[in-house]
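In each ligand, atom 1 is the first atom listed, and ligand 1 is the first ligand listed. Remember, predicted model here, so these are calculated numbers, not experimental data.
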Amino acid sequence: MHTFTTIAELRAALAPHRLDGRTIGLVPTMGYLHVGHMELVRRARADNDIVVATIFVNPLQFGANEDLSRYPRDLARDQAMLEAEGVHYLFAPGVKDMYPQPMETVVDVPKLGAELEGSVRPGHFAGVATVVTKLFNIAGPDRAYFGEKDFQQLTIIRRMVADLAQPVEVIGVPTVREADGLACSSRNVYLSPQERAAAAIVPRALDEAERLVAAGETDARKLEAAVRAFIQSEALAEPEVVAVRDPQTLADVTTIGEKPVLLLLFVRFGSTKLLDNRVLGPKNAMPEHAKKVA
Ligand SMILES: Nc1ncnc2c1ncn2[C@@H]1O[C@H](COP(=O)(O)OP(=O)(O)OP(=O)(O)O)[C@@H](O)[C@H]1O
Ligand SMILES: CC(C)(CO)[C@@H](O)C(=O)[O-]
Ligand code: BAL
């Protein structure tokens, strides 16, 4: 595996592969890799001739209340993991490599980006859309891989690609979980032992929601209130977003009927944010990219 830090190096490395008609899969990450990232890499390896992983902690995604410098890093460990999975190229730019001058250009999906997680992380999704567009322009992938753990992010990227006719197939990868059901996530390392034990309430809240829907709950607001109360039964958990939405558009849902719905959770444990989601309802009517979520 070759590691590049500059845009020019990566472009030069990929050009001959593209000329020879080889397909390129892109796996964008912020590093400090775990088994969830490795599932994206494995999918990219299975689908493409060449796999490019990126590691970039994007300052445009961090709001004033989150310390960018605190984000976990271990490049040597990440390189070993990616090499072992057969990744061909790692693009690991510094901020100045990615943004040699202050960015005047912003890519945004404002409506989808301002609600749900965006309502408690203002500007975050504009940062995501901007850096993902730049990574697409740099690497020119045929396919790009994103986790369904970050469902709103995945939905926003899909909408951006559709709206801008970006020539990239966006692949959603099901969430990889710890033994107790907690979604693997780099920020889990921020959790104290007590917070980590408490965080099991998140996957359990999804199970509770599934039980309530199976028991006949059709009112989305009542389901949200019941799930919020369930999460708050854990003193260390602060449910900031509990939302029942359409799995494809993230549009609000008021009544849970025959169509599947998506329950999105954004729960804080101290200073650590944890995301999770699950499609609820009849699984045979799920949209393609949501089918694998359940
Ligand atoms: N448990 C997981 N299962 C599937 N995909 C995942 C998982 N965790 C992260 N991903 C995906 O990996 C890609 C890189 O995400 P990122 O580097 O932000 O990791 P992260 O674990 O989500 O970090 P953080 O905890 O800071 O949000 C994203 O597309 C994300 O959705
Ligand atoms: C998509 C992404 C690489 C953009 O920085 C980041 O948000 C992430 O890793 O999910
Ligand atoms: N995991 C998506 C990137 C972020 O939440 O900062």
**Study point:** Those atoms of ligand 1 less than 4.0 Å from some heavy atom in P28
**Key:** 13 (C), 14 (C)
Study note, to complete from the structure: Among E148, Q61, K149, M30, closest by heavy atom to atom 7 (C) of ligand 1 is K149
Check your understanding: Got a second to check how far L60's CG is from K134's NZ, nearest 0.5 Å?
Key -> 9.0 Å
**Study point:** N188, portion touching ligand 1 at heavy-atom distance under 4.0 Å
**Key:** neither
**Study point:** atom 7 (O) of ligand 2 [closest protein heavy-atom partner, distance rounded to 0.1 Å]
**Key:** Q153 OE1, 2.9 Å
Check your understanding: Counting distance only, does the side-chain N/O of E9 pair as donor-acceptor with the main-chain N or O of T5 below 3.5 Å?
Key -> yes
Point to revise | Per-atom contacts, ligand 1 versus K273 - under 4.0 Å to a heavy atom | key: 27 (O)
What are the polar N/O contacts of ligand 3 with the protein below 3.5 Å, with distances?
residue	atom	partner	partner atom	Å
ligand 3	1 (N)	D150	OD1	3.1
ligand 3	5 (O)	R121	NH1	2.8
ligand 3	5 (O)	R187	NH1	3.2
ligand 3	5 (O)	K273	NZ	2.7
ligand 3	6 (O)	R121	NH2	3.1
ligand 3	6 (O)	R187	NH1	3.2
ligand 3	6 (O)	R187	NH2	3.0

**Study point:** Which residue and heavy atom of the protein sit nearest atom 27 (O) of ligand 1, plus the separation
**Key:** R187 NH1, 2.9 Å
Exercise for review: Check whether any N or O atom of C184, backbone or side chain, sits under 3.5 Å from an N or O atom of ligand 1, and answer yes or no.
Suggested key: yes
Check your understanding: Taking only heavy atoms of P28, which atoms of ligand 2 are found under 4.0 Å from at least one of them?
Key -> 3 (C), 9 (O)
Check your understanding: What are the atoms of ligand 1, with element, lying closer than 4.0 Å to any heavy atom of F146?
Key -> 29 (O)
Review point. Can any side-chain N or O of Q152 pair as donor or acceptor with the backbone N or O of E117 at less than 3.5 Å?
Key: yes
Review point. Heavy-atom contact under 4.0 Å between R177 and ligand 1?
Key: no
Check your understanding: Short question: side chain of T29, backbone of T54 - any donor-acceptor pair under 3.5 Å?
Key -> yes
Check your understanding: Does R77 make a cation-pi contact with Y32 (under 6.0 Å, within 45 degrees of the axis)?
Key -> yes
Exercise for review: Indicate yes or no for a side-chain donor-acceptor contact from D142 to the backbone of I24 under 3.5 Å, with no hydrogens or angles considered.
Suggested key: yes
Exercise for review: Give a yes or no answer on whether the side chain of H17 reaches the backbone of R22 with a donor-acceptor pair at less than 3.5 Å.
Suggested key: no
**Study point:** Any N/O pair G147/ligand 1 closer than 3.5 Å
**Key:** yes
Point to revise | Between E195 and T272: side-chain donor-acceptor atoms closer than 3.5 Å | key: no
Check your understanding: Looking at R73 and D78, does any basic side-chain N land under 4.0 Å from a carboxylate oxygen?
Key -> no
Review point. Taking only heavy atoms of M30, which atoms of ligand 2 are found under 4.0 Å from at least one of them?
Key: 6 (C), 9 (O)
Practice item. Step through the shown structure and confirm whether more than 12 heavy atoms of other residues, nucleotides or ligands are within 6.0 Å of CZ on R159. Key: no
Study note, to complete from the structure: Note: ligand 1 atoms sitting under 4.0 Å from heavy atoms of Y71 are 23 (O), 24 (P), 26 (O)
Point to revise | Closest non-hydrogen atom pair, R221 against V244 | key: NH2-O, 4.0 Å
Exercise for review: Indicate, with yes or no, if the rings of F56 and Y99 have centres closer together than 6.0 Å.
Suggested key: yes
Review point. Numbering the atoms of ligand 1 from 1, which are under 4.0 Å from a heavy atom of P174?
Key: 3 (N), 4 (C)
**Study point:** Interfacing atoms of ligand 2 (cut-off 4.0 Å, heavy-atom, V131)
**Key:** 4 (C), 5 (O)
**Study point:** Main-chain N/O of T6 paired to D97 side chain as donor or acceptor, under 3.5 Å
**Key:** no
Practice item. State whether K222 and E217 are salt-bridged, where the test is any N-O pair (Lys NZ or Arg NE/NH1/NH2 against Asp/Glu carboxylate O) under 4.0 Å. Key: no
Check your understanding: Does D150 come within less than 4.0 angstrom of ligand 2, counting non-hydrogen atoms of the residue?
Key -> no
Check your understanding: Can you check whether V51's main-chain N or O pairs, donor with acceptor, with N48's side chain at less than 3.5 Å?
Key -> no
Study note, to complete from the structure: Closest to atom 3 (N) of ligand 1 among protein heavy atoms sits V176 N, 2.8 Å
Exercise for review: Give yes or no for whether the N/O distance cutoff of 3.5 Å, strictly under, is met between D150 and ligand 1.
Suggested key: yes
Check your understanding: In terms of side-chain geometry, is the basic nitrogen of K273 or E238 positioned less than 4.0 Å from the acidic oxygen of its partner?
Key -> no
Practice item. Under 4.0 Å, heavy atoms only, figure out whether ligand 1 is touched by the backbone of E39, its side chain, both or neither. Key: neither
Check your understanding: Using the ring of each side chain (for Trp, its six-membered ring), is H2 parallel, tilted or perpendicular to F4, with breaks at 30° and 60°?
Key -> parallel
Practice item. Quick one: look up the protein heavy atom nearest atom 25 (O) of ligand 1 and list residue, atom name and how far away it is. Key: S185 OG, 2.4 Å
**Study point:** ligand 1 to H37 polar contact by distance, N or O atoms, under 3.5 Å
**Key:** yes
Review point. Ligand 1 and Y145, any nitrogen or oxygen pair closer than 3.5 angstrom?
Key: no
Review point. Which protein heavy atom lies closest to atom 5 (O) of ligand 2, and at what distance to 0.1 Å?
Key: Q61 OE1, 2.2 Å
